[in-house]
K.L.:
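Sending over a structure as structure tokens; questions will come in a sec.
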Amino acid sequence: MAQKPSIPKGTRDFSPVEVAKRNYISSIMKHHFEVFGFQPIETPSFENSETLMGKYGEEGDRLIFKILNSGDYLDKVSQDELSNIEYKKLTTKISEKALRYDLTVPFARYVVQHQNEIEFPFKRYQIQPVWRADRPQKGRFREFFQCDADVVGSTSLWQEVELVQLYDAVFTQLGLGGATIKINNRKILSGIAEVIGAKDKLIDFTVALDKLDKIGEDGVKKEMLEKGISASAIEKVQPLFQFTGTVSEKIEKLNQLLASSEEGKKGVEELQFICETVEKLGLQTALIDLDVTLARGLNYYTGAIFEVTAPQVAMGSIGGGGRYDDLTGIFGLKNMSGVGISFGLDRIYLVLEELGLFPDTVTATSKALFINYGNQESLYAMEAISKLRRSGIKVELYPDAAKIAKQFQHADKRGIPFAVIAGESEMKENIFGLKNLVTGEQVKLDFEGLKGALI
């Protein structure tokens, strides 16, 4: 007996209805990306390993899917190396490519590679799948889509202001009023590490702090101790774990905490400009909050960092991003600052589904099914179907002259709301019978009437 086929953990098949709902989300994103002046690009699903490795920190590197070299992938490995396996050295010899982990590093590579063709500042958006060898759980997949919007070639903080507005515009149209846009600044985190005497442990400090919502205060402190951050230094950051108040009150507390750190004070100034400007301009439905524990564990962020959480649903972040001043420098292009945000399409889908926010009109099915009575009647039906399709109306003909009850049953199972009766008597009168499959009501219409009823 043949084994039942399956798919890898952390991946999914999508039904027609699910794809229609995903397209609904991405179409709203695309609309607002373009309204805000972003242009679309696409990059390959896999990159050279050297492009990706070392850009996401030690934890990120472990989650990158490596692709075995084609052919004899052990060709470059000596017998001695096979006998004394060193994972990192062996990996570089048997795998020269990897599936992309996110869209930002490939975008940086794209900018460097095409710098002579690009007009800066360059605003791009990209909606493509990424892959991470993560442990699958609710809202966390190994294959998922990212929807990014980035600007490179400008250090202006107005870009950060616009990205907050972009989040607000998208989530408002999706019906996700009350989404919280958390904001922080890596310079503030660097300043905190400096004033507590742990500047040399900045990465360990920020990675641990970023896990506060997952492992709690005790878990964060334990991880910091394990990474070599002293107990006295951890005691100095205790105020961060109970950092409350309005945005302006939090900014004032940070000014006091970071009075001895020039870098920290610069971060506070940047945050203050963004938050005060957003407040003056106003947001439609989103909320903005300064979260000083927000670190986002990616090494390339250097300024403002963002993370978005959904209202009413425990789902983790549904978006995030930040400023990266030196990302393209890794690929040889210096002094090219950028800032970008990402929307988590898969998590947004789950949130909208859980809150019942998908409109009833979001469907992948046809508006009407023409009943097949035979070849002559089908020709009459197809003439009308062709005209309706040219007007953008989704209709179809049942392909076989099967029993009428079977055809109606097919329409019902497909969720098609109308059936069109085009039999011998309708042909004689040059009309159509339109049956509402929900109410059972049936009317006779000429072609223009039929078209009007199906629009």
Side-chain angles (χ1 to χ4, degrees), residues 53-64 88 101-102 104-105 132-135 137 139-140 180-244 250 253-254 257-258 260-261 263-264 266-268 270-271 289-309 314-327 342 344:
M53 298 299 291
K55 312 302 190 302
Y56 306 103
E58 189 177 332
E59 288 195 10
D61 280 356
R62 285 201 298 267
L63 300 181
I64 292 174
K88 289 185 178 179
Y101 175 94
D102 73 350
T104 305
V105 169
R132 296 183 185 178
D134 216 340
R135 184 171 64 86
Q137 53 187 288
R140 187 183 295 276
T180 300
I181 304 168
K182 298 178 182 179
I183 185 171
N184 197 14
N185 194 298
R186 292 287 287 215
K187 294 184 181 73
I188 288 174
L189 294 168
S190 297
I192 293 170
E194 182 183 343
V195 299
I196 68 172
K199 194 170 184 179
D200 59 328
K201 298 284 186 179
L202 174 61
I203 298 301
D204 294 327
F205 171 74
T206 55
V207 168
L209 193 63
D210 195 47
K211 296 177 182 176
L212 181 63
D213 60 338
K214 298 172 187 171
I215 61 178
E217 181 180 335
D218 291 340
V220 170
K221 289 179 177 178
K222 181 184 176 187
E223 182 167 327
M224 286 183 177
L225 283 170
E226 290 171 352
K227 293 293 186 180
I229 298 171
S230 68
S232 60
I234 294 171
E235 185 63 33
K236 291 177 184 176
V237 300
Q238 183 62 38
L240 298 185
F241 298 115
Q242 292 87 30
F243 208 73
T244 58
K250 289 177 181 177
K253 289 179 184 178
L254 285 173
L257 180 65
L258 298 170
S260 62
S261 170
E263 186 175 16
K266 176 66 174 172
V268 176
E270 292 178 4
L271 262 191
D289 184 35
L290 196 167
D291 183 353
V292 77
T293 67
L294 176 63
R296 294 198 60 81
L298 300 181
N299 291 349
Y300 51 63
Y301 291 127
T302 55
I305 43 181
F306 304 99
E307 193 163 278
V308 186
T309 55
M315 186 59 70
S317 65
I318 57 172
R323 166 73 64 174
Y324 42 89
D325 281 336
D326 54 5
L327 185 61
S342 179

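Any value given below was found using the heavy atoms of this structure, including those in side chains, with hydrogens, waters and symmetry copies removed. If you're wondering where the values come from, they're calculated on a predicted model, not measured in any experiment.
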K.L.:
What closest approach, in Å, do Leu258 and Gly191 show between heavy atoms, and which atom pair accounts for it?
P.N.:
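Answer, listing the atom of Leu258 first, then Gly191: CD2-C, 3.5 Å.
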
K.L.:
Donor-acceptor check, side chain of Asp61 to backbone of Gly54, threshold 3.5 angstrom: yes or no?
P.N.:
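Flag set: sc Asp61 to bb Gly54 pair under 3.5 Å.
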
K.L.:
Rounded to the nearest 0.5 Å, how far does CD of Glu307 lie from CD1 of Ile183?
P.N.:
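That separation rounds to 12.5 Å.
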
K.L.:
In Å, rounded to the nearest 0.5 Å, how long is the span from CG of Asn184 to OH of Tyr301?
P.N.:
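Between Asn184 CG and Tyr301 OH, I get 13.0 Å after rounding to 0.5 Å.
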
K.L.:
Could you tell me which residues satisfy salt bridge (Lys or Arg N to Asp or Glu O under 4.0 Å) with Lys221, sequence neighbours excluded, listed by chain and number?
P.N.:
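In terms of salt bridge (Lys or Arg N to Asp or Glu O under 4.0 Å), with neighbours along the sequence ignored, Lys221 is linked to Glu217.
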
K.L.:
Check whether any side-chain heavy atom of Leu257 lies under 4.5 Å from a side-chain heavy atom of Val292, and answer yes or no.
P.N.:
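No; the side chains remain at least 4.5 Å from each other.
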
K.L.:
So, taking the atom named CG in Asn185 and the one named CG in Leu254, what distance separates them when rounded to the nearest 0.5 Å?
P.N.:
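CG of Leu254 is found 10.0 Å from CG of Asn185.
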
K.L.:
Please list, chain by chain and in numerical order, all residues satisfying side chain to side chain donor-acceptor pair (under 3.5 Å) with Glu223, sequence neighbours excluded.
P.N.:
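Partners of Glu223 by the side chain to side chain donor-acceptor pair (under 3.5 Å) criterion, ordered by chain and then number, come out as Lys211.
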
K.L.:
Start with the C-alpha distance between Arg323 and Thr302, add both sets of side-chain angles, then the distance that settles side chain to side chain contact (heavy atoms under 4.5 Å, CB included), and finish with yes or no.
P.N.:
CA-CA 6 Å; Arg323 166 73 64 174; Thr302 55; 4.1 Å; yes

K.L.:
Output all residues satisfying side chain to side chain donor-acceptor pair (under 3.5 Å) with Ser232, sequence neighbours left out; order by chain, then residue number.
P.N.:
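With sequence neighbours excluded, Ser232 shows a side chain to side chain donor-acceptor pair (under 3.5 Å) to Ser230, given in chain and number order.
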
K.L.:
Let's go through Val268 and Lys253 carefully: what are the C-alpha distance in whole Å and the side-chain angles of both, what is the deciding distance for side chain to side chain contact (heavy atoms under 4.5 Å, CB included) to 0.1 Å, and is it a yes or a no?
P.N.:
CA-CA 10 Å; Val268 176; Lys253 289 179 184 178; over 6 Å; no

K.L.:
Closest heavy-atom contact between Gly303 and Glu270?
P.N.:
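Reported closest heavy-atom pair: CA-OE1, 4.3 Å.
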
K.L.:
Only counting residues at least two apart or in another chain, list the ones meeting salt bridge (Lys or Arg N to Asp or Glu O under 4.0 Å) with Glu194.
P.N.:
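Glu194: no salt bridge (Lys or Arg N to Asp or Glu O under 4.0 Å) contacts found.
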
K.L.:
Does any part of the side chain of Asp102, heavy atoms only, come nearer than 4.5 Å to the side chain of Tyr56, both counted from C-beta?
P.N.:
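Side-chain contact under 4.5 Å: yes.
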
K.L.:
Any non-hydrogen side-chain atom of Leu271 less than 4.5 Å from a side-chain atom of Lys187?
P.N.:
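No; the side chains remain at least 4.5 Å from each other.
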
K.L.:
Taking Leu225's backbone N and O only, do any of them form a donor-acceptor pair with Lys227's side chain (distance below 3.5 Å, no angle check)?
P.N.:
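Judged by distance alone, no pair lies under 3.5 Å.
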
K.L.:
To the closest 0.5 Å, what do you measure between NZ (Lys250) and CD1 (Ile188)?
P.N.:
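Between Lys250 NZ and Ile188 CD1, I get 11.5 Å after rounding to 0.5 Å.
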
K.L.:
Supply the atom-to-atom distance Ile318 CD1 to Thr309 OG1, rounded to the nearest 0.5 angstrom.
P.N.:
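OG1 of Thr309 is found 7.0 Å from CD1 of Ile318.
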
K.L.:
Look up atom CD in Glu263 and atom CZ in Arg186, then write down how far apart they are to the nearest 0.5 Å.
P.N.:
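Result: 10.5 Å between the selected atoms.
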
K.L.:
Sequence neighbours left out, what passes side chain to side chain donor-acceptor pair (under 3.5 Å) with Lys266? Give chain and number order.
P.N.:
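Side chain to side chain donor-acceptor pair (under 3.5 Å) list for Lys266, sorted by chain: empty.
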
K.L.:
Going by the rule side chain to side chain donor-acceptor pair (under 3.5 Å), which residues pair with Thr293 if we only count those two or more places apart in sequence or in a different chain?
P.N.:
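Once residues adjacent in sequence are excluded, the partners of Thr293 under the side chain to side chain donor-acceptor pair (under 3.5 Å) criterion are Asp291.
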
K.L.:
When you compare the side chain of Arg62 with that of Glu59, does any pair of heavy atoms fall below 4.5 Å?
P.N.:
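The answer is yes, as the side chains (C-beta and beyond) meet within the 4.5 Å cut-off.
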
